Amino acid sequence: MTHHLLSLIVGAPAAAALVLFSVPATEKLFVRIVALTGALISLAGSIAVLATYNLSEGGFQLRETYPLVPRLNISLSLAADGWSVALLLLTGLIIVAGVLASWTLENRQKEFFITLLILVAGVFGVFVAQDLFVFFLFYEIAVLPMYLLIGIWGSSHAITEGGPFKYIWKLFNIGDKQYAAMKLTLMLLVGSALILVGILAIYSNGGHTFDLFALAKAHYPHHMQLFAFVLLWVGFGSLAGVFPFHTWSPDGHASAPTAVSMLHAGVLMKLGAFGLIRVGMILLPDGAHFWAPFVGTVAVINIVYGALAAMHQKDFKYVVAYSSVSHMGVVMLGAATLNVLAWNGAVFQMVAHGVMTGLLFALVGHVYERSHTRDTQRMGGFATVMPGVATFFTIAVLSSLGLPGTAGFVAEFLVFLGAWHSAYSWWAVAGVVGAFVTAVYVLTIARRVFWGPPDPVKQFHELRDVRRTEWGALWILGAAIVVLGFWPGLISSHIDKATVANLQQVNGAAAVTLNDSGHATRSTVGWAKQSDAHRVRPSMMGSAPLHPSYALTRPMPAADRCRSAPPIQRAGSRAPDATTATVVMR
Amino acid sequence: MTLTTCLILSAALFSVGLYGLLTRRHAVGILLSIEVMANAANLNFVAFAHYGGASWGQAFALFVLGLTVAEVAIGLALVMLLFRSHKDVLVDLANAFKH
Amino acid sequence: MTTPMWALIAVFAPLASALLLAVLAPIRRRGGLAAAVSITFALASLVGAIFAVIGTLHAGGSDWTRSWLASGGALPLSVTFGVHVDGVSAPMLAVVALVATCVQLFSTGYLDDESSASRGRYFAYQSLFLFSMQLLVAAPNLLQLFFGWEIVGATSYLLIGYWYKKPSAARAAVKAFWVTKFADMGLLIGLVALFGFTGSFEWTAQLAPAAATAVTLLFVLAVMGKSAQFPLHVWLPDAMEGPTPVSALLHAATMVAAGVYLVVRAQPLFAQAPFTQHFLAYLGAGTALFAALLALVQTDLKRVLAYSTCSQLGYMLAALGAGSAFAGFFHLTTHAFFKALLFLAAGSVIHAVGSNEMSKMGGLWKKMPLTMLVFIAGAFSLAGFPGFAGFFSKDLIIDSLSEHHLWAPYAALLLGAFLTALYMGRAILLTFFGPHESHEAEHAHEPGWSMKLPLIVLALLSVGAGFFGGDLWHLASLTDYVHGVYHFRFGAVASVLALSGFVVAWVAWGKTREEPALARSLAAFANRAWVDRLYVFGYRAGLLLVSDVAAWIDRYIVDALVNVVGSFFLLGARRARRLQTGNVQDYLFAMSLGAIALAVWSIWR
Amino acid sequence: MTFTATMIVFALVGALAFVGSIFTVRSSKLVHAVLWLGVTLGMTAILFVQLGAPFLAGIQLLLYVGGVMTLMIFGVLLTKRDGDSELKTEEPSRERGALIALAVFAVLAGTIWLGRDALQRTAVPSLGTGWLGTSLLTRHLVAFEALSALLLAAMIGAIVIARRRDPDQPSEPKES
C-alpha cells in the first residue's frame, strides 16, 4: 500500500471527481458523501505519509515512477520529502474542511465539487511531482479551474468605493465576480507562461531532462540563471501574491465562494512560493543568491504594505484577502533569506498561514452567507448570535498576529530569526513591525464585527451560529492551529530535514570560500558580492561575531540547550585578526 | 506525356479548382470546385504510381474517391440544411460565427 | 515526585482545566461546574507549587526540559520547553497559584448574576491565564518566557473584553492588546537579536557591552508595556473595564508583574548593561511618582488602584534598576497579596454598590465591616505602614536606591511613599466613611463566604508576609544573582512619610468630601487624557493615514496598471475582431495565402 | 522529340480536362457547371487509362459521372431559389481568387520545374487490377475498413442532417 501512497493521495480527489460525473446531481447527499470521501482519503493518505516517512533517513521517499513520454524523458514521477509531508497534510486538512464548509451549497453542487476536486488533485500533484514537466502540468491543473469556480459560484457584492473613484470601479467592474475571475486567471496564466519559458530554459540547459533530481545536479550558465530566475520569480510570484503582482488576490479571494477562497488562499498561493523555492532557488542557486536582496526587500514590502492595505478595507473578505498578501510576504521573506531557519520558517508559514487563512475564510464566508453583507461597518456584536464563529475567529486572528501558542508564531519567529542572520537584519525588524500592524487591524476587525454591542438596527439578530458539518471544518482547522502552535515538532523536524538537504544544494553549488578571518565570502557576482564585501555592520551591535550562518561549512558548536551546558561564550572566540567590524554573511 | 506534364496539368486543375472555391457564392458551386481539386490530386497519385513505382498510388486514389463521395454526401446535406434555413444557398449567408 | 514534577503539575494542571472547558461544551455551559473544575485545578497548581517550593528549599534548583523546536544545518536552533525551578520561580509559582485560586473563588460569588454559559467562558479564560502565567514563571529560557508572556497578553485581552457588549470594554480590550503588542515588538526583536548574537535564548548569555545594552533596552520596551510604565501605561486604567477579579489577578497581582519578573529573571543580562539599569531606575521612579499623583485625583475606586499598581511597579523596576533584584522581587510578591486584596475588597464594594465611582459610596463601614477591615489592611500594607507586608519590601527598595546613590529616584520614591499613603487614605475615607452617597450604598451588605474567604486569606498574607522576607531571601539566594545577606533596617523616613500621608488625608477628606483646590488643579493638569490623545493622534494621523495611502496606491496605481493593460487588450481585440467576417471564403483566402507563404519559404529558404 | 500518338491524345485530353474545369468554375448556370465537371472527370478517366489504371478509370466513371454528378444535379435543382430577388451579399472578389489561384499554380509549377531532373522517370508496367485488389485487402486493409466505416457514417450523417425536422418540434431559434 505504501508503494502507491502518493498516487493514492493525488488520485483520490480525481477519482472522486470522475465518480461524481456519473452521479445524478439530484442525489445531493450522495454527491456530498462522494466528495467528502475523496477528500478524506487524501487526508488519510497525507497522515499516513507523515507517519511512514522515515525521518532518520530523510530525502525523497515513497518514490513512484511511471513513464509518460519516454522520448522526451517525461515520466510521472512522484516522491515526498519533508516539505511535501507538511504541505500534503495542509492540503488534506484544507480540502476536507473546504468540502465540509460547502456542504450546504445550493447552486450546482455536483459541478462545484467536481471542479474543486480536480483542482485539489493538481495541488497534491505539485507538492509531490519529481518531474518538472509533470510539476508544471499539475500546476496548471490547479490554477485553471479557478476561473470556473469564481466565475460561476462567486459573489459580486463587494463594498465598492464611493466618492470620486466610483467611476473607476464602474468602468472596470471592480468587485464583480466576472472581473475577479478574469483578472485572476489572466494574471496567473501570464505568470504560467513566464514559468514555462523558465522551465524550458532549465530543460535545455540542464541536459534535456525533466527529472528534478537530474536537473538539480546540472550546472547552468550564470547569466541564464539570473535571467531564468527572474522569469520564475515573476511567474511563481504572481501566484504567491508578490507585490506588485498581487492585485488579483484581493479581488479574487473576495469574489470566490467560501471553499475556493479557503483552498486558494490556503493552499494555492503556497504553490507559488513552493514552486519558486523548488524550481527557482534550488535549481538556479546563482540566480537565487543574486536576486535574494531584491526578493527579500519586495517580500518585506509585501508584509507591511499588505497589512496597511488590509487595515483600510471595509469589506470583510477584502480584509482577509489582503492579510494573505501580507502573510505570503513572510513566506517570501523566508525564502529569500536562504538559510536554514528562514526556510524552515517559510515552509512552516506556508502550513500555518494555510490553516489560518482557511479558517478565516470559512468564517468570513459563513458570516457573509448568513448576514448577506460584507460591509464590516454595518456589522457588530455578532458574538452574541454566533459565539462559535466568534471564538474561532479570535483563534484565527490571534494566529494571524503571530501569538505564541498558535502556528503563526512558530513560522514568523523562525523567519525573523533567519532574516536577522541575513545581510539585511532590518528585514527582521520590518517583519516584526508588519506583525504589529497586523495585530492592529485584525483586532479592529474582530472588535468591529464580533465584539461590542449588538447592532442597533436589529437586522442581524436572527443569524445562526454554525451547524453540524460546519463545526467539523472549524474544529479541524482551529485544532490544527493550536496543535501546531504548541507542538511544532510534529512537522518541523520533517521540514528541517528537507530544508537542510535542499539548502546544501543551493549553497553547495555556489562557491563558498572562507577568508582568513574565518568569515565566509561568496564569490558570486552582482549584488550578492557587493553586499558581502561592503555591507559591514558597525561595531556598535556586535563586536562579538554573529552566529555563523549557513554559508559557513565549518561545523557550529552544538548549541545544546540542556541546562547544565555552559552558555556559549562567543566574546572570546573571535578570530585574532577580525576587526571591530564584522562582515555580515548571507 | 511525361511525369512532369502530368504534374503540371494536375497543378493547373488544382489552381482552377481553388479559384472556384474562392469565387463561387453558391454552395453547390463550391462543392463542384472541391471535386475538381480532388480530381487533380487523384491525377497526381496515379501519375506517380505509373512513373515513380509508388505502387500504393492507385490504392490511395481509390481512397480519395471514396472520401470525395462521402464529402459530397455530407456537403449536399449541409446545402439542403442551409437552403432550408435561409431559403438560399449563398455561403456568405452562413456567417453565424461573426455574431 | 521530584521537584520539577511538582512544578510541572503547577504549570499544566490549569492547562488541563482550560482544555476541558474549551473542548467539552457541556461542562463549560454549566457555569457552576466549570467554576468547580477550574478552582480544583488551580488548587492542584497551588499544591504543586508549594511542593516545588519545599523541594527547592531542601534540594535547590532543578530543571525538566524537553526539545520543543529544533533545526539543524549550519544554523542550529534548539529550543526547549519545560520548567526551571529555582528560588525565584518556585515562590513565584506559589504566589501566582495562590492569588489565582483566591480570585477564582471570589469570582464565583462576584459573577453570580451572569448566565452560566458566560461564566463557563470566564473560567476557561481564567484557567488559560493561570496556565500561561505559570508557563512564563517556570520558563527555563527567554523564549518560553516570551511564549507565556504573549498568551497572558491574549488572555488579558479576552478577560478585559469579557463584557464585550459594553463598547468601552471591547475598546479597552483592544487597546490593552495594541499597547502591549507594540511594546512586545521590543521583546521579539530583542530575542531575535539575542539569538543572533549568542545562538540561544538563555538569560545567562554573555554579550558584548553594546549588544547587551541594545538587547536589554529592547526588553525594557516590552517591560514598559506589560508593566504599564510611562508612557505606555495608558492601557492599564482602561483595563479596569474588565470584571474586578480580573483586575485583581491580571492587572494588579500577576500579569503586570510579568515585566518585573522578566527583569528579575534576566538579571544576568541586565547586569551586563549598566546604562539600561540606570534607565530602568529613573523610569521606575518617575512612573512611581507620576502614577501616584494621578491616583490621587481619580474618582473611580478601581482607577485609584490601577494607578497605584503602575506606581508600585515603578518601585519594583527602580529597585531592579538599582541592581537589587531581590528588593524588586520581594515587593513583587507582597504587592501581589495586598493589591489583589485591595482589588477584591473593592470588588466586594462595587458588587454591593453597583458602581465604581467613589462619589456613589461613603459610609460603608457600618454595612460592610469586614470588607472595610481588609481594605484598610491592604491599604496600610500598600502604604508601607510599619509592620505590614509592604513596609518591609518597600523599605528594602528605598534602601537599595540610597545604597547605590541614585538620589533623584530615591527622592521620587520617598515622595511617592507619602503620596501613596495620601491617596489610599483618601480612598478609604471616601469609600467607607462619611455619609451614604447613594441609595445602593445605604442598602449594601457583606458578600457571601465565597467572597469573604479569599479576602481573609489575602488579608492575613498582606499583614504577615513581610516577616517571611528572610525565608524568601534564603530561597532567592539559590539563584546566582542574589548575593549578600538579608538585612532589615527600619526605614524611619519612609515610615514617617507614610504616616504623615494618612494624617494629611484625614485632614483633607476626614470631614468633607470636597476635593481640595490643589487636587482639583492637579486633576486638571494630570488628567491622563493628554497621553491618550497623543496615541490617538498617532494612530489616526499616523497609522490610519498611511494605511489609507497604501490602500489607495494599491487600488488606483498598482491595480490600475493591471486594468489598463487589460483594457488595452480588450480594445485591441475589439478592433481585431473586424478581421473575422464570418465568411468562409475570406478565411480560405487567408489560409491559401498562408499555405503559399509556407510553401515558398520551405522551397526557397 | 517526336510526337507520338500517346502524346497527342494526352495533349488533347488534358486540354479538354482543363477547359472543362475552367467552365466548371466559371459558368453562371450551375447545371452547366455540373455538366462541365462531368467532362473534366471523364477526361481524367481517359488519362487514368493512359497512366495504366483502367480499373480506376472505370470507378471514376461509375462513381463520379454516374453517382456524384447525379447527386449534384439533384442538389442544384432542389436548392433552386425563387428568382434572384435578394442579393444582399457581396460577390466574392474574382481578382482575389484569380490572384491566389495563379500564385498557387506558380508555386506548384515552380516546384515541379525545380525538381524536373528528379522527375525524369520512365513508366513502369502496371501491376494490374488483381494486385490492387489484393493490396486493398491485405496491406491497406485497415484503411479500407476505415473508409467503409466512413462512408457508412457519411450516409447516416447526411440523412440526419438533411432530414426534415419534425413539425411538432419547434425549430431552433433562427438568430443572427
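In the text below, chain A, chain B and the rest are named by the order of the sequence lines, each starting its count at 1. What you are looking at is a predicted structure, and each value in this text was computed from that prediction instead of being measured.
Ranked by heavy-atom pairs under 4.5 Å with chain D, the list B/G20, B/G75, B/A70 is led by B/A70. The candidate from B/L62, B/V72, B/V69 with the greatest count of non-hydrogen atom pairs under 4.5 Å with chain D is B/L62. Your options are B/A61, B/A77, B/A73, B/G57, and the one with the most heavy-atom pairs under 4.5 Å with chain D is B/A77. Interface remark: of the candidates B/T68, B/N42, B/L65, B/V36, B/L65 forms the most heavy-atom pairs closer than 4.5 Å to chain D. Contact count against chain D (heavy-atom pairs under 4.5 Å) is highest for B/L32 among B/L9, B/L32, B/T4.
Residues B/E71 and B/L31 meet the side-chain proximity criterion, which asks for heavy atoms closer than 4.5 Å. For the pair B/F45 and B/W56, the minimum side-chain heavy-atom distance is below 4.5 Å. Contact annotation: the side chain of D/L51 approaches that of B/L43 to within less than 4.5 Å [non-hydrogen atoms, C-beta and beyond].
In this structure B/S15 satisfies the side chain to side chain donor-acceptor pair (under 3.5 Å) test with no other residue, sequence neighbours excluded.
The aromatic rings of B/F63 and D/H140 sit perpendicular, their planes meeting at an angle over 60°, well past the 30° parallel limit.
Side-chain N/O atoms of B/N39 and D/Q60 include a donor and acceptor closer than 3.5 Å.
Contacts of B/L76 with chain D are made by side-chain atoms alone, with heavy-atom separations under 4.5 Å and no backbone atom involved. For B/L21, no part lies near chain D; criterion is any non-hydrogen pair under 4.5 Å. Interface remark: D/L132 contributes side-chain atoms only to the contact with chain B (heavy atom separation under 4.5 Å). In this structure, the portions of D/S27 lying under 4.5 Å from any heavy atom of chain B include both its backbone and its side chain. Both the backbone and the side chain of B/V16 come within less than 4.5 Å of a heavy atom of chain D. Interface remark: B/F14 contributes side-chain atoms only to the contact with chain D (heavy atom separation under 4.5 Å).
By the neighbour-count criterion of 12 heavy atoms within 6.0 Å, atom CH2 of D/W113 is sparsely surrounded, having that number or fewer from other residues, nucleotides or ligands.
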